[in-house]
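Below, read A as the first sequence line, B as the second, and so on, with proteins coming before strands; counting in each chain starts at 1. When reading the values below, keep in mind they use all heavy atoms of this one structure, side chains included, and skip hydrogens, waters and symmetry mates.
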Protein chains: 2
Amino acid sequence: MTLTEENYIKGIYHLGKQGKESVSTNAVAKAMKTKASSATDMIKKLSDKQLVNYVKYQGVSLTAQGQLAAKNIIRKHRLWEVFLVEKLNFTWDEVHDVAEQLEHIKSEKLINELDAFLNFPKYDPHGDPIPDKNGNFNSIDKIILANAELKKIYKCVGVKDTSTDFLRYLDTNKIALGTLFEVIHKEPFDNSLKLMYNNTELVVSQHVAKNIFVSIEL
Amino acid sequence: MTLTEENYIKGIYHLGKQGKESVSTNAVAKAMKTKASSATDMIKKLSDKQLVNYVKYQGVSLTAQGQLAAKNIIRKHRLWEVFLVEKLNFTWDEVHDVAEQLEHIKSEKLINELDAFLNFPKYDPHGDPIPDKNGNFNSIDKIILANAELKKIYKCVGVKDTSTDFLRYLDTNKIALGTLFEVIHKEPFDNSLKLMYNNTELVVSQHVAKNIFVSIEL
DNA sequence: ACTTATTTTTAGACTAATCTAAAAATAAGT
DNA sequence: ACTTATTTTTAGATTAGTCTAAAAATAAGT
Ligand SMILES: [Mn+2]
Ligand SMILES: [Mn+2]
Ligand SMILES: [Mn+2]
Ligand SMILES: [Mn+2]
């Protein structure tokens, strides 16, 4: 598999439910930042290699083989992200671009030894689960903070938006994985939330509340 | 710089004395495992980018800029090799192919943090010096074991051939960086050497003796 | 110096991945 | 159902890197 093929497979995986859902050519093109004509060409190529199911004009989905390939790339991406944060003093907003490169390094031994070196982490710095070498991973029940109820305690377990801007916003407000929240007020006017955590109060917009994952309750 | 351009620059560096010496198109082609016509094309491209000095039919050498670029790639290659051996249980014969991939990862922070994480190593697992971020490195005085004198003690400080076959040969004979040798006999017939080290004797061929670097004396 | 051999460059073609523009298929609107 | 809009595919070009075959330059041999 070429680097580009790997990126398409990963893109299709993220677009549908683990790539099982059929996604449109346009959606793929947008995700890969190319044009629809380029996406069509690549989809054909991946279809020839039995990595995707493709019927003209009907969209693509990953085959079992394609799903495994995607999970393998994602496993590498997330393990490298853990490495960068845990061992090389990267912050969670700095890791993604480097992991995009490192995920394409080909060496079974490398990734398995890295996994062991990091003590077989189950989640990456953004709270996303890390597949094991067979593609299996825990998916914990989580909801977006925007849907949390008043007077209950929730734990921050992940972020939806992983942009630098958003992650830095969380940093400056001392919100991290593991932070315990209580929603003390929901403002009907703009759906903003008043949160209580670490003995401080903070009002966050709905936009923010939709991008924080919290555990189902505590 | 593309991955291929980086590999050519590195190749030219290794062929001449740090790339200062002019090397032939054929030599470059052979080192890159391509044809002379492909080498010519790439050399022209590198020349346009001011990375090499090139006059038609007269061979290539690296410019100051090209030398720095080469040393940067070699720095990355060797630091990754140290990482693989020190942290991920790779043996010295397993690291090269993976390092060939890792050396192309682009991130200043990554490589400088890796350097710090490894405690600023000065040599890689094969005894080759690691340039610092400015391209400076220690070159210790060394000779090939084949040129060592009788009755003197030498320390193994490097290997010339880094093939799996040779490195495994050294492993099975318990020869490693730091091993202290005494040459107790030189056989004039085939230039083989009888060595004494670790309280054992071993006869090595001239071929072997030409591929082990030892410190000037001790 | 002149012929032959070798090295190097050029010319033209191929593959992977991309693009623009045009054609074909599907979806939507009345 | 028929027209219009949107999506998707095809056709033809482009760029990076490679190749083979032919031409040009350099090196060697007498
Ligand atoms: Mn990421
Ligand atoms: Mn992540
Ligand atoms: Mn190496
Ligand atoms: Mn090395």
Tell me whether the side-chain N/O atoms of [X] come closer than 4.0 Å to OP1 or OP2 in [N].
X        : N       : answer
Asn26(B) : dT6(C)  : no
Lys56(B) : dT10(C) : yes
Ser24(A) : dT7(D)  : no

Side-chain donor or acceptor of [X] paired with backbone N/O of [Y] under 3.5 Å:
X         : Y         : result
Lys76(B)  : Ile105(B) : yes
Gln101(A) : Val98(A)  : no
Asp190(B) : Ser192(B) : yes

Residues [X] and [Y] bridged, charged N to O under 4.0 Å:
X         : Y         : value
Lys49(B)  : Glu5(B)   : yes
Asp161(B) : Lys210(B) : no
Asp115(B) : Lys133(B) : no
Arg78(B)  : Glu103(B) : no
Lys106(B) : Glu6(B)   : yes
Lys10(A)  : Glu100(A) : yes

Exercise. For residues Thr63(B) and Asn53(B), is any side-chain donor paired with an opposing acceptor at under 3.5 Å?
Worked result: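 Thr63(B) vs Asn53(B): no donor-acceptor pair found between side chains.
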
Problem set entry | Secondary-structure string, 5' to 3', Watson-Crick or G-U under 3.5 Å, | for another-strand partners, for DNA chain C | ||||||||||||||||||||||||||||||

For this session: Identify whether NZ of Lys or CZ of Arg in Lys87(B) sits under 6.0 Å from the centre of the six-membered ring of Phe117(A) and within 45° of that ring's axis.
Result: no

Spacing of [X] atom [atom1] relative to [N] atom [atom2], expressed in whole Å:
X        : N       : atom1 : atom2 : value
Ile43(B) : dT9(C)  : CD1   : C1'   : 11 Å
Lys44(A) : dT18(C) : NZ    : P     : 15 Å
Gln58(B) : dA25(D) : CD    : C1'   : 10 Å
Asp48(A) : dT15(C) : CG    : C1'   : 15 Å
Leu46(A) : dA16(C) : CG    : C1'   : 13 Å
Asp41(A) : dT15(C) : CG    : P     : 14 Å

Seminar exercise, completed: Note: contacts of residues 1-16 of chain B with DNA chain C (heavy atom, under 4.0 Å) are none

Exercise. Which ones in residues 31-38 of chain B lie close to DNA chain C, meaning a heavy atom under 4.0 Å from one of its atoms?
Worked result: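 DNA chain C contact set from residues 31-38 of chain B: Ala36(B), Ser37(B).
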
Between [options], which one does the side chain of [X] approach most closely?
X        : options                   : result
Met42(A) : dT10(C), dA25(C), dT18(C) : dT18(C)
Tyr57(B) : dT10(C), dT18(C), dA25(D) : dA25(D)
Thr40(A) : dT18(D), dT9(D), dT9(C)   : dT9(D)

Exercise. Does His126(A) have its ring centroid less than 6.0 Å away from the ring centroid of His96(A)?
Worked result: no

